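On a predicted model such as this, the values are computed, not experimentally measured, just so you know.
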Amino acid sequence: QVRLMESGGGSVQAGGSLRLSCKASRYTMLGYCMGWFRQAPGKEREGVAAIYTGGGTTFYANSVKGRFTISQDNAMNTLYLQMNSLKPEDTAMYYCAAALSTSAHCHTGRLRSSYGFDYWGQGTQVTIST
């Protein structure tokens with residue numbers, strides 16, 4: 001069982017930045033596909049970014065490409081999402097997710113559905129104002 005805990009959410013104006021963190025209960029998350037998803041009120045949960053912790057390969061949704069950066073720490077038990085040039089449409093609850101995976105099975109397609117991830121955090125709210 002893996003527990004994930006997000007932090008770093010908040011309220012900023014459009015154009016600002018935030019960095020989200022996700023701390024895992026395991027001492028290392030090596031060999032996992034880890035991702036960030038978000039859900040706005042009345043909308044479906046959507047994948048934002050993912051990383052294969054075994055090699056550091058990253059994947060992004062088109063809506064955030066060039067603005068968001070997913071990364072991991074050297075111990076590979078903390079996941080980050082650096083969010084720059086934030087827009088009001090980025091407002092949502094952001095969730096960290098993880099699934100044991102191989103590199104071949106951690107790819108952009110994993111962002112299309114939340115069902116491929118086994119472990120989830122409680123979420124952290126991000127609110128962007130105009």
Trainee: First locate atom CZ of Phe37, then atom CE of Met93, and finally report the distance between them rounded to the nearest 0.5 Å.
Mentor: 16.0 Å

Trainee: Kindly compute the distance separating CD1 (Ile128) from CD (Gln13), expressed to the nearest 0.5 Å.
Mentor: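 If I round to the nearest 0.5 Å, the distance is 10.0 Å.
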
Trainee: Testing the basics here: between Phe117 and Arg110, what is the closest heavy-atom pair and its distance to 0.1 Å?
Mentor: CE1-O, 3.5 Å

Trainee: Once disulfide bond (SG atoms under 2.5 Å apart) is applied, what residue pairs with a partner in residues 63-98 remain, sequence neighbours excluded?
Mentor: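 Counting only pairs at least two positions apart or across chains, the disulfide bond (SG atoms under 2.5 Å apart) contacts touching residues 63-98 are Cys22-Cys96.
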
Trainee: Restricting to non-hydrogen atoms, name the atom on Val126 and the atom on Gly9 that form the minimum distance, rounded to 0.1 Å.
Mentor: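 For Val126 and Gly9, the tightest heavy-atom pair comes out as CG2-CA, 4.2 Å.
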
Trainee: What's the spacing between Thr78 OG1 and Leu4 CG if we round to 0.5 Å?
Mentor: 10.5 Å

Trainee: Residues in side-chain contact (heavy atoms from CB on, under 4.5 Å) with Leu100, at least two apart?
Mentor: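 Per chain and number, Leu100 pairs via side-chain contact (heavy atoms from CB on, under 4.5 Å) with Tyr32.
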
Trainee: Are the side chain of Glu46 and the backbone N or O of Arg38 linked by a donor-acceptor pair below 3.5 Å?
Mentor: no

Trainee: For Tyr80, does its backbone N or O pair with a side-chain atom of Trp36 as donor and acceptor, under 3.5 Å?
Mentor: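 Such a contact is found between Trp36 side chain and Tyr80 backbone.
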
Trainee: Verify the neighbour count for atom CD of Glu44: are there more than 12 heavy atoms of other residues, nucleotides or ligands below 6.0 Å?
Mentor: no

Trainee: What is the distance from atom CG of Leu30 to atom CG of Asn77, rounded to the nearest 0.5 Å?
Mentor: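 Answer rounded to 0.5 Å: 11.5 Å.
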
Trainee: Locate the shortest heavy-atom distance separating Ala49 from Leu81; write the atom from each residue and the value.
Mentor: CB-CD1, 4.2 Å

Trainee: Could you tell me which residues satisfy side-chain contact (heavy atoms from CB on, under 4.5 Å) with Ser7, sequence neighbours excluded, listed by chain and number?
Mentor: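 Listed in chain order: Ser21.
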
Trainee: So, do Trp120 and Arg45 sit near enough that their side-chain heavy atoms are less than 4.5 Å apart?
Mentor: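 Yes. Closest side-chain heavy atoms under 4.5 Å.
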
Trainee: Would you confirm whether Arg67, through its side chain, and Ser85, through its main-chain N or O, come within 3.5 Å as a donor-acceptor pair?
Mentor: yes

Trainee: To the nearest 0.5 Å, tell me how far Ser101 OG sits from Asp118 CG.
Mentor: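 Separation between the atoms: 10.0 Å.
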
Trainee: Side chain to side chain contact (heavy atoms under 4.5 Å, CB included) between Ser114 and Tyr95: does it pass, once the steps are laid out?
Mentor: CA-CA 10 Å; Ser114 60; Tyr95 298 91; over 6 Å; no

Trainee: Could you walk me through whether Tyr52 and His107 pass the side chain to side chain contact (heavy atoms under 4.5 Å, CB included) check?
Mentor: CA-CA 8 Å; Tyr52 180 62; His107 48 74; over 6 Å; no

Trainee: So which atom in Gly47 and which in Ala61 form the shortest heavy-atom distance, rounded to 0.1 Å?
Mentor: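 That would be O-CB, 3.4 Å.
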
Trainee: Apply salt bridge (charged side-chain N to carboxylate O under 4.0 Å, His left out) to Arg19 and list each qualifying residue two or more places apart in sequence or on a separate chain.
Mentor: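 Salt bridge (charged side-chain N to carboxylate O under 4.0 Å, His left out) check on Arg19 returns nothing, list empty.
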
Trainee: Can you name the residues that form a side-chain contact (heavy atoms from CB on, under 4.5 Å) with Lys43, not counting sequence neighbours?
Mentor: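 For Lys43 the side-chain contact (heavy atoms from CB on, under 4.5 Å) partners, ignoring immediate neighbours, are Ala40.
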
Trainee: Output yes when a side-chain donor or acceptor of Gln39 lies under 3.5 Å from a complementary backbone atom of Ala92, and no otherwise.
Mentor: no

Trainee: Once you round to the nearest 0.5 Å, how far does CD1 of Ile51 lie from CE of Met34?
Mentor: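 Nearest 0.5 Å value for the CD1-CE distance: 9.0 Å.
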
Trainee: Any side-chain heavy atom of Thr91 within less than 4.5 Å of one from Gln125?
Mentor: yes

Trainee: Could you state whether Phe68 and Leu79 fall into the same hydrophobic cluster, counting links through intermediate Ile, Leu, Val, Met, Phe, Trp or Tyr residues with side-chain heavy atoms under 4.5 angstrom apart?
Mentor: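 Shared cluster, yes.
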
Trainee: Look at the side chain of Tyr60 and the backbone N and O of Ile70, then say whether any donor-acceptor pair between them is shorter than 3.5 Å.
Mentor: yes

Trainee: Is the closest side-chain heavy-atom distance between Met83 and Leu20 below 4.5 Å?
Mentor: yes

Trainee: Not counting sequence neighbours, which residues clear side-chain contact (heavy atoms from CB on, under 4.5 Å) with Thr102? List them please.
Mentor: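 Scan of Thr102 (side-chain contact (heavy atoms from CB on, under 4.5 Å), adjacent residues dropped) gives Ala104, His105.
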
